[in-house]
Structure formats: C-alpha cells, structure tokens
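One-based numbering along the sequence shown. Just so it is clear, the model here is predicted, and its values are computed rather than measured.
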Amino acid sequence: MGTYTAQSEGGARPTHQEAQAAEKQEVTGKIEAVDQDQSVVQVQGTSVPIVATSSTRYSRGLSFKSLKPGMEVKIVAVLRSDGKLEALEVRSA
C-alpha cells in the first residue's frame, strides 16, 4: 500500500527555501502503472499521477525506463499547479 505524506518545516514566516521544502511530498509504495510516453507513474494507494521530468534524479541503477509495475519505490515530489506530482527523486524502497 502506498503512502503519501507532506513534509513541512515550521516557522511563523517561512523563507523561500522553507516554502519550497514544505511543498515536498514523499510517495512510497509499489508502482501500479507506468506510462512511458507521458513519463507518468501511478503508485498503489495514491490517486495522484507522478510525472518525471528531465530534472528528476534517480538512485544508482534506476531510470524512468527501468521502472516497472510491482517495483517498490520512494519518490520525493512537489505538487504542480495541474494537480499532478512532479518527481524530484526516485529511489528503490
């Protein structure tokens, strides 16, 4: 089952860096579906599509093309204005 948690850092008036950190989200779970054409991954237990970009970083041995349904992953992402998550990092879980 996937987990979807927001990470936030406290403070009365967050700095720009803190605001960016507050937007980071972690998604951990099994990959349910991969759309190679759209660079989108769906993780079990989440309803939000996760989009990989040219800026997405992968742990050693991983790439978007290597992602397959059933793989356990941990993805650090930020919420985009279109409601999708943009992957910053993808690691094996």
Asker: Under the side-chain contact (heavy atoms from CB on, under 4.5 Å) rule, collect the residues that match up with D37, sequence neighbours excluded.
Answerer: D35

Asker: In terms of hydrophobic clustering (I, L, V, M, F, W, Y; side-chain heavy atoms under 4.5 Å; direct or indirect links), are F64 and M71 co-clustered?
Answerer: yes

Asker: What pair of heavy atoms forms the shortest contact from A93 to T28, and how long is it?
Answerer: CB-CG2, 4.2 Å

Asker: Closest approach of S59 and R91, non-hydrogen atoms and distance?
Answerer: OG-CA, 3.6 Å

Asker: For A52 versus A87, what's the shortest heavy-atom pair and its separation?
Answerer: CA-CB, 4.4 Å

Asker: Is there side-chain contact between V90 and L67, with heavy atoms separated by less than 4.5 Å?
Answerer: yes

Asker: Determine whether L85 and R80 make a side-chain contact, defined as any pair of heavy atoms from C-beta on separated by less than 4.5 Å.
Answerer: no

Asker: Closer than 3.5 angstrom, by distance alone: can the side chain of Q36 be matched with the main-chain N or O of V40 as a donor-acceptor pair?
Answerer: no

Asker: Please report the interatomic distance CD(E72) to CD1(I31), rounded to the nearest 0.5 Å.
Answerer: 9.0 Å

Asker: Nearest 0.5 Å please: distance from the OG atom of S92 over to the NZ atom of K74.
Answerer: 12.0 Å

Asker: Has S39 got a side-chain atom pairing as donor or acceptor with V51's backbone, closer than 3.5 angstrom?
Answerer: no

Asker: What's the shortest heavy-atom distance between P69 and A33, and which atoms?
Answerer: CG-CA, 4.4 Å

Asker: Going through the checks in order, is the side chain to side chain contact (heavy atoms under 4.5 Å, CB included) test met by L88 and K24?
Answerer: CA-CA 9 Å; L88 302 175; K24 287 185 181 178; 3.9 Å; yes

Asker: Of all the heavy-atom pairs spanning G61 and S66, show the shortest one and how long it is.
Answerer: O-OG, 4.2 Å

Asker: Which pairs count as salt bridge (charged side-chain N to carboxylate O under 4.0 Å, His left out) when at least one residue sits in residues 51-71, sequence neighbours excluded?
Answerer: R57-E89

Asker: Not counting sequence neighbours, which residues clear side chain to side chain donor-acceptor pair (under 3.5 Å) with E32? List them please.
Answerer: none

Asker: So, taking the atom named OG1 in T56 and the one named CD1 in I75, what distance separates them when rounded to the nearest 0.5 Å?
Answerer: 9.0 Å

Asker: Evaluate side chain to side chain contact (heavy atoms under 4.5 Å, CB included) for Q25 paired with V78, printing each intermediate quantity in order.
Answerer: CA-CA 6 Å; Q25 320 224 350; V78 291; over 6 Å; no

